Amino acid sequence: MAFRATAVVCTNMKRWAYKMAGFNQYGLLRDDCLYETEDVTEALRRLPQHVVDERNFRIVRALQLSLTKNILPKEEWTKYEEDKLYLSPVVEIVKKERLERENWEKNY
């Protein structure tokens, strides 16, 4: 029973942190906020073009809202349940490939 209560508290904390971050008020997803390193740039290159276009639209819309000091209406905010990680799995693959390549070049 204690494990279940801990899981519920953890989920509630995640929701609270998600709401407090504020990027959802601009319609952004978590992966839209990643700092663009070489690994992220390579991961973006590997994504389908329509996914990259959707990401660019969300970022441009968020920038426009930020410049005008507005936020989206509450019904258009990104909900915690709807936020999916579309870029992070690809970034992890790119990082593993890079580390494997660096290890190979160092040892052979």
Side-chain angles (χ1 to χ4, degrees):
M1 187 67 169
F3 179 72
R4 180 166 161 38
T6 305
V8 170
V9 169
C10 185
T11 302
N12 288 339
M13 290 291 287
K14 287 180 183 179
R15 288 176 191 267
W16 177 80
Y18 185 83
K19 289 178 183 177
M20 293 307 294
F23 59 83
N24 64 322
Q25 297 174 4
Y26 294 101
L28 293 172
L29 302 176
R30 282 180 283 180
D31 282 349
D32 294 338
C33 301
L34 290 178
Y35 183 73
E36 289 199 26
T37 61
E38 291 180 13
D39 294 336
V40 174
T41 304
E42 175 61 23
L44 285 169
R45 190 186 66 75
R46 294 181 184 190
L47 287 176
Q49 188 60 41
H50 71 90
V51 175
V52 176
D53 290 342
E54 291 170 357
R55 177 181 189 268
N56 290 336
F57 172 79
R58 287 190 301 270
I59 291 172
V60 168
R61 179 178 60 180
L63 287 171
Q64 180 65 33
L65 288 167
S66 178
L67 286 171
T68 59
K69 300 187 186 310
N70 290 321
I71 58 173
L72 290 172
K74 192 159 187 151
E75 54 273 355
E76 293 183 37
W77 290 6
T78 306
K79 294 172 185 57
Y80 179 77
E81 298 81 19
E82 296 172 356
D83 193 350
K84 60 187 183 320
L85 298 176
Y86 67 94
L87 187 58
S88 295
V90 182
V91 171
E92 291 302 317
I93 292 170
V94 170
K95 283 182 182 178
K96 286 179 184 176
E97 290 174 358
R98 180 181 48 81
L99 292 173
E100 183 178 334
R101 184 172 49 260
E102 289 173 357
N103 190 22
W104 175 269
E105 290 172 355
K106 185 173 77 172
N107 293 327
Y108 299 104

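Just so it is clear, the structure is predicted and the values come from calculations on it, not from any experiment. We number each residue from 1, following the sequence as shown.
- Within a 6.0 Å radius of NZ in K19, no more than 12 heavy atoms belonging to other residues, nucleotides or ligands are found.
- Taking NZ from K95 and OG from S88, the interatomic distance works out to 8.5 Å, rounded to the nearest 0.5 Å.
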Note to self: Pair V40, Y35 - check side chain to side chain contact (heavy atoms under 4.5 Å, CB included), show working.
What the structure shows: CA-CA 8 Å; V40 174; Y35 183 73; over 6 Å; no
Check: Where do L63 and I59 land on the side chain to side chain contact (heavy atoms under 4.5 Å, CB included) test, with the steps shown first?
Finding: CA-CA 6 Å; L63 287 171; I59 291 172; 4.2 Å; yes
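- By the neighbour-count criterion of 12 heavy atoms within 6.0 Å, atom CD of Q49 is densely surrounded, having more than that number from other residues, nucleotides or ligands.
- A donor-acceptor contact closer than 3.5 angstrom is absent between the side chains of T37 and D39.
- L34 and L85 fall into different hydrophobic clusters, where Ile, Leu, Val, Met, Phe, Trp and Tyr residues are linked whenever their side-chain heavy atoms come under 4.5 Å apart, directly or through other members.
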Checklist line | Worked verdict on E102 versus K106 for salt bridge (charged side-chain N to carboxylate O under 4.0 Å, His left out) | finding: CA-CA 6 Å; E102 289 173 357; K106 185 173 77 172; over 6 Å; no
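- Shown are D32, V52, L29, L44; of these, the side-chain contact (heavy atoms from CB on, under 4.5 Å) with L87 is made only by L44.
- With values rounded to the nearest 0.5 angstrom, N24 atom CG is found 9.0 Å from I71 atom CD1.
- No side-chain N or O of D83 forms a donor-acceptor pair with one of T78 less than 3.5 Å apart.
- Between the side chain of T68 and the backbone N or O of L65 there is at least one donor-acceptor pair closer than 3.5 Å.
- In this structure, W77 is not a member of the same hydrophobic cluster as W16, with clusters built from ILVMFWY side-chain heavy atoms closer than 4.5 Å.
- Ion pair R55/E36 flagged as a salt bridge, since at least one NZ, NE, NH1 or NH2 atom sits closer than 4.0 Å to an Asp/Glu carboxylate oxygen.
- Heavy-atom contacts from other residues, nucleotides or ligands closer than 6.0 Å to CD of E81 number more than 12.
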Notebook entry, point to check: Does the pair R30 and F23 meet the rule for a side chain to side chain contact (heavy atoms under 4.5 Å, CB included), with working shown?
Noted result: CA-CA 8 Å; R30 282 180 283 180; F23 59 83; 3.5 Å; yes
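- Using a 4.5 Å heavy-atom threshold, the side chains of T11 and K14 count as separate.
- Using a 4.0 Å cut-off between a side-chain N of Lys or Arg and a carboxylate O of Asp or Glu, R46 and E42 qualify as a salt bridge.
- The pair R101-E97 fails the salt-bridge criterion, with no side-chain N (NZ, NE, NH1 or NH2) lying under 4.0 Å from an Asp/Glu carboxylate O.
- Note on Y26: it clusters hydrophobically with Y18, by side-chain heavy-atom contacts below 4.5 Å among ILVMFWY residues.
- Using a 4.5 Å cut-off between side-chain heavy atoms of Ile, Leu, Val, Met, Phe, Trp and Tyr, with links allowed through other members, Y80 and L72 fall into the same hydrophobic cluster.
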